[in-house]
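The structure appears right after this line, and notes come after that.
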Amino acid sequence: LSVGNYVERLSQLPDCYEQLSGIFGFRFLIPDEHLLSEDSISHIKAKNENTEPDDVAIETQATNAIRIALKYIEDNYCNEDLSLNDVSEFCNVSPNYFSSLFSNEMQQTFVEYVTNKRISKAKKLLKTTTMHTGEIASVVGYKDQHYFSVVFKKIQGCSPREYRNGKNI
């Protein structure tokens with residue numbers, strides 16, 4: 001559990017949520033602590049002051065993992081079997097930690113990020129090549145042309161064919 005500060009107004013909830021997200025991120029670094037708060041984190045930081053650098057090291061490690069992950073995704077998004085487990089393993093972090101870290105840093109889930117990257121590349125190919133939709137689906141990491149079309153339409157608001165023909169909703 002994660003405990004934040006009491007707020008008196010609804011307008012303060014976003015700040016409270018941001019604080020809680022930061023506190024909750026420590027669950028992977030201090031797994032024996034079951035109730036996390038600013039006090040428990042400060043206490044743990046103080047206990048480890050001589051052996052661990054403070055938040056800077058944690059932030060650097062997290063930033064580095066995200067940087068490595070983004071490069072790996074860029075190089076492998078076209079692999080239809082790309083998974084969060086693959087990327088987390090490549091980054092040498094647990095899948096749960098990676099998922100939380102990725103969502104916090106990127107403000108979207110891993111699946112959303114990969115899907116958006118694939119659709120973005122598909123849009124470029126639709127506008128700059130004469131490749132068939134099935135070929136484009138395969139090139140950007142989709143086994144099934146129909147599923148690709150469904151995802152494309154959900155994100156873009158029109159089918160790949162309509163997009164190619166100039167219907168940009």
Side-chain angles (χ1 to χ4, degrees), residues 1-2 4 10-29 31 36 55-169:
L1 292 175
S2 185
L10 287 176
S11 62
Q12 296 172 313
L13 283 178
D15 293 334
C16 183
Y17 176 78
E18 188 173 322
Q19 177 198 26
L20 283 173
S21 292
I23 292 170
F24 196 58
F26 277 84
R27 72 189 183 279
F28 299 108
L29 300 171
L36 298 172
D55 284 342
V56 175
I58 294 165
E59 187 174 314
T60 302
Q61 179 186 16
T63 303
N64 192 42
I66 293 298
R67 184 182 52 75
I68 291 167
L70 292 176
K71 174 69 172 127
Y72 185 82
I73 294 166
E74 180 65 35
D75 294 343
N76 295 283
Y77 73 91
C78 54
N79 175 355
E80 59 195 32
D81 296 321
L82 179 66
S83 71
L84 183 137
N85 287 343
D86 295 335
V87 180
S88 66
E89 184 178 323
F90 185 80
C91 295
N92 201 29
V93 295
S94 78
N96 287 338
Y97 176 66
F98 176 74
S99 178
S100 175
L101 180 65
F102 194 91
S103 295
N104 286 337
E105 290 289 319
M106 302 302 295
Q107 302 302 306
Q108 59 185 317
T109 67
F110 170 79
V111 171
E112 290 169 336
Y113 182 83
V114 172
T115 300
N116 288 329
K117 177 155 283 302
R118 287 174 171 167
I119 298 303
S120 177
K121 179 64 175 177
K123 287 166 53 176
K124 288 178 187 167
L125 292 172
L126 286 164
K127 289 295 188 184
T128 61
T129 72
T130 58
M131 294 171 68
H132 295 291
T133 304
E135 292 175 282
I136 291 174
S138 180
V139 166
V140 300
Y142 290 96
K143 297 177 198 179
D144 181 350
Q145 176 184 343
H146 177 70
Y147 180 67
F148 163 72
S149 293
V150 168
V151 171
F152 190 96
K153 187 167 187 167
K154 181 179 178 185
I155 290 175
Q156 192 58 36
C158 62
S159 71
R161 181 175 299 189
E162 290 170 332
Y163 182 84
R164 176 174 268 160
N165 293 333
K167 183 179 178 187
N168 299 343
I169 295 177

(request) Please tell me if the side chains of Leu101 and Val93 come closer than 4.5 Å, counting only heavy atoms from C-beta onward. (result) no
(message) Under the rule for side-chain contact (heavy atoms from CB on, under 4.5 Å), what residues qualify as partners of Lys71, not counting sequence neighbours?
(response) Asp75
(request) Calculate, to the nearest 0.5 Å, the distance between atoms CE and CD1 belonging to Met106 and Ile66 respectively. (result) 7.0 Å
(message) I'd like to check the side-chain hydrogen bond (donor to acceptor under 3.5 Å, both in side chains) partners of Ser83; sequence neighbours left out, ordered by chain and number.
(response) Asp86
(message) Using a 3.5 Å distance criterion without hydrogens, assess whether the side chain of Ser99 forms a donor-acceptor pair with backbone atoms of Asn96.
(response) no
(request) Please step through side chain to side chain contact (heavy atoms under 4.5 Å, CB included) for the pair Ile73 and Phe102, ending with a clear verdict. (result) CA-CA 12 Å; Ile73 294 166; Phe102 194 91; 4.0 Å; yes
(message) Tell me every residue that passes side-chain hydrogen bond (donor to acceptor under 3.5 Å, both in side chains) with Arg161, counting only those two or more places apart in sequence or in another chain.
(response) none
(message) Going by the rule salt bridge (Lys or Arg N to Asp or Glu O under 4.0 Å), which residues pair with Lys117 if we only count those two or more places apart in sequence or in a different chain?
(response) Glu74
(message) Return the CG to CD1 distance between Leu125 and Ile136, rounded to the nearest 0.5 Å.
(response) 5.0 Å
(request) Side-chain contact test, heavy atoms from C-beta onward, threshold under 4.5 Å: evaluate it for Thr133 versus Ser149 and give yes or no. (result) yes
(message) Give me the atom names and distance for the closest heavy-atom approach of Phe110 to Leu84.
(response) CE2-N, 3.2 Å
(request) Return the minimal non-hydrogen interatomic distance between Phe152 and Pro160, and the atom names on each side. (result) CD2-N, 3.6 Å
(message) Going by side-chain contact (heavy atoms from CB on, under 4.5 Å), name the residues that satisfy it together with Thr109, two or more places apart in sequence or in a different chain.
(response) Ser103, Val111, Glu112
(message) So which atom in Phe98 and which in Ser88 form the shortest heavy-atom distance, rounded to 0.1 Å?
(response) CB-CB, 3.6 Å
(request) Applying side-chain hydrogen bond (donor to acceptor under 3.5 Å, both in side chains), name anything that partners Glu135, two or more places apart in sequence or on another chain. (result) none
(message) Show me the pairs that pass salt bridge (Lys or Arg N to Asp or Glu O under 4.0 Å) and involve residues 147-156, at least two apart or across chains.
(response) none
(request) To the nearest 0.5 Å, tell me how far Tyr113 OH sits from Leu70 CG. (result) 4.5 Å
(request) Identify, with sequence neighbours excluded, every residue that meets side-chain hydrogen bond (donor to acceptor under 3.5 Å, both in side chains) alongside Asp81. (result) none
(request) Determine whether Leu82 and Arg118 make a side-chain contact, defined as any pair of heavy atoms from C-beta on separated by less than 4.5 Å. (result) yes
(message) If I compare all heavy atoms of Lys127 with all of Tyr163, which pair ends up nearest, and what's the gap?
(response) NZ-O, 3.0 Å
(request) Please report the shortest heavy-atom distance between Val87 and Ala69, naming the atom on each side. (result) CG1-CB, 3.6 Å
(request) Using atom types as modelled and distance alone, determine if a side-chain donor or acceptor of Arg164 lies under 3.5 Å from a backbone N or O of Thr129. (result) yes
(request) Write out all pairs satisfying side-chain hydrogen bond (donor to acceptor under 3.5 Å, both in side chains) with one or both partners inside residues 139-148, taking only residues at least two apart or from two chains. (result) none
(message) Measuring from atom CD1 of Ile155 to atom OG of Ser120, what distance do you get when rounded to the nearest 0.5 angstrom?
(response) 10.0 Å
(request) For Ile68, enumerate each residue passing the side-chain contact (heavy atoms from CB on, under 4.5 Å) test, keeping only those at least two apart in sequence or located in another chain. (result) Asn64, Phe90, Cys91
